[in-house]
S.K.: 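Quick one: the structure is below, and I'll ask about it shortly.
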Amino acid sequence: MFRLNGPPIRQWWSGPEGARQSLRTQVLLLLTILILPALALALVVIPGILERRFAQIERDQVTQFTQIAQEDLLTEERRISLFVLNFTQWSETYEFAAGRNMIFPQSALGASTFTGGRIDYVGITSPGRQLITGLTLKGDTVVAATDLVRTLLASLPRTLPPGGASGVVQVRGKPYLLAGRTITRDDGSGDGGVLMFARALNPQALDQLMHREKTFTARITTVPAGGAEAPKFTPSTVHATTPLLAPNGPPQLALHLSIPRDMYRAAQATVFQLKVAAGLFTLLTAMAFLLFLNRRVLRVLGNYVQDTQRIARDPGHRLDGQNRTELGVLALTINDLLDHLQGREAQLREQGRRDELTGTYSRAGLTELLREDPTIRSALLVEVPRLQELSGLYGSPFVDRLISELAGRLQELGPDHVVGRLSSNGLALITRLPATTDPLAVLEGLERPFALREGRSR
């Protein structure tokens, strides 16, 4: 940038090398301005979008796993409830509850019933809700478990609904899945007491129930003080807690899932790789662009600057036009322009050294030509007398013709002679070595008659 008056103002991006350094700096600034949004997009915006998307996928995964675990428990609860239904609508069970079929436990509640039904405890009460039998399987033997079964039966509603009751309860610090139903005859009539089947929800049982395929770990915990809680995300695990329905009253226990954050770690690795790849790509692209720009543009322009500075000292020097791009075309165009200007300058300079009428050297041109010429042998000055009278008698065109004829006769002497016009009526003949000049012969040649109009004159 320049002021109209005064020295040029150097901008803050300019360097000691002038325009070339300034151009490089401005290109770097422009590239930086262009790269920063690209880096922000590649390192912040896109990774942020991906992280939010992966987080949503992970939340959906937690919800899905929670639903799977709940459905697994619900399926087991329905299975035990159906098992209870089969026994409560059996007349032999009804007769046992009424105190008339005392061999029922040995015949119907053997080890095969426990293993086949995948249950751990059986309890049967009388119509008055007094415990008749409480059994469990220990090894391959069915043994009594009166106290625990009585406590489990106490978890059921005092009055069972027609469809029975089921759910998860905690007894003596351990979780159990149980189902109970009123005992009836085969046709569904009568009230013969209550039959209950229960299964202990220890880690082994949960492992058998869950279709988790090692994607999460399930365990039974107490219900949080505030009820259901949102999933808690730690760096390595997601913890999700869901209350489980109890057969009577509010939920006592909850299903706790520990889900490894494989999706989160995969997302973090993917985002990190994306950032590294984007950063490297942007860096390599910028470096490649700078290298290309420096080699194919800035270096060429720098050479052009040096060439133009050399042209100021050596007018015959020219720009290097070997570049095949538009810069080469520009260099060739500038060279052609310089050749044209130099030729035009030489032409104008030559015209300034020549006399317009005779085409011979003018006084200034003759002086410039012969200033340092060591080959000058002699000089003959020729002056036309009474030129003013001839001009008044014949007119200026005829006088001009006379001067031109005299200059032409002198030029006929050959290339070793230089002819110049010193004044309006004076000519000069300069002879260079090795030629010689006979002044008398020259004058005789000049005195040959000239044809002016119809007459002749000397």
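This structure is a prediction, so every number in the text was calculated from the model and none was measured.
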S.K.: Is the number of heavy atoms from other residues, nucleotides or ligands under 6.0 Å of D314 CG greater than 12?
M.R.: yes
S.K.: Under 6.0 Å between ring centres: does that hold for F233 and Y264?
M.R.: no
S.K.: Quick one: closest heavy-atom pair of L255 and A69, and the distance?
M.R.: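 Between these two residues, the closest heavy atoms are CD2-CB, 3.4 Å.
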S.K.: Could you tell me which residues satisfy ring-ring contact (aromatic ring centres under 6.0 Å, His included) with H317, sequence neighbours excluded, listed by chain and number?
M.R.: none
S.K.: Kindly give the heavy-atom pair with the smallest separation between T360 and A407, and that separation in Å.
M.R.: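 Minimum heavy-atom contact is CG2-CB, 4.0 Å.
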S.K.: If the condition is ring-ring contact (aromatic ring centres under 6.0 Å, His included), which residues does Y176 pass it with, not counting sequence neighbours?
M.R.: Y121
S.K.: Using 30° and 60° as the class limits, which term best fits the ring planes of F65 and F216: parallel, tilted or perpendicular?
M.R.: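 Tilted, since the angle between the ring planes falls between 30° and 60°.
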S.K.: Under 3.5 Å, is there a donor-acceptor pair between the R265 and Q268 side chains?
M.R.: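 No, no side-chain donor-acceptor contact under 3.5 Å.
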S.K.: For R318 and Q342, work out which heavy atoms get closest and say how close.
M.R.: NH2-OE1, 2.5 Å
S.K.: For residues 42-53, tabulate all N or O donor-acceptor pairs below 3.5 Å that involve a side-chain atom, not counting sequence neighbours.
M.R.:
none

S.K.: Do you know which two heavy atoms are closest between T215 and I259, and how far apart they sit?
M.R.: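 Closest pair (atom of T215, atom of I259, distance): O-CG2, 3.8 Å.
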S.K.: What heavy-atom pair brings R199 and Q208 nearest, and what distance separates the two atoms?
M.R.: NH2-OE1, 3.0 Å
S.K.: Is a side-chain donor or acceptor of T136 paired with a backbone partner of D120 at a separation under 3.5 angstrom?
M.R.: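 Confirmed, T136 side chain pairs with D120 backbone.
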S.K.: For N425 and V384, indicate whether the former's side chain and the latter's backbone hold a donor-acceptor pair under 3.5 Å.
M.R.: yes
S.K.: Determine whether a donor-acceptor pair (N or O, by modelled atom type, separation under 3.5 Å) exists between the side chain of R421 and the backbone of G359.
M.R.: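 The answer is no, because no donor-acceptor pair under 3.5 Å joins these two groups.
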S.K.: Look only at the side chain of R219 and the backbone of P203, and say whether a donor-acceptor pair between them is shorter than 3.5 Å.
M.R.: no
S.K.: Between Q64 and D60, does any side-chain donor sit less than 3.5 Å from a side-chain acceptor?
M.R.: no
S.K.: Charged N to carboxylate O under 4.0 angstrom, R79 versus E76?
M.R.: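 Looking at E76 together with R79, the answer is yes, because their closest N to O distance falls below 4.0 Å.
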S.K.: Ignoring hydrogens, what is the shortest heavy-atom contact between I80 and A179? Give both atom names and the distance.
M.R.: CG2-CB, 3.9 Å
S.K.: Do other residues, nucleotides or ligands put more than 12 heavy atoms under 6.0 Å from the CG atom of L209?
M.R.: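 Yes, CG of L209 has more than 12 neighbouring heavy atoms, counting only those of other groups under 6.0 Å.
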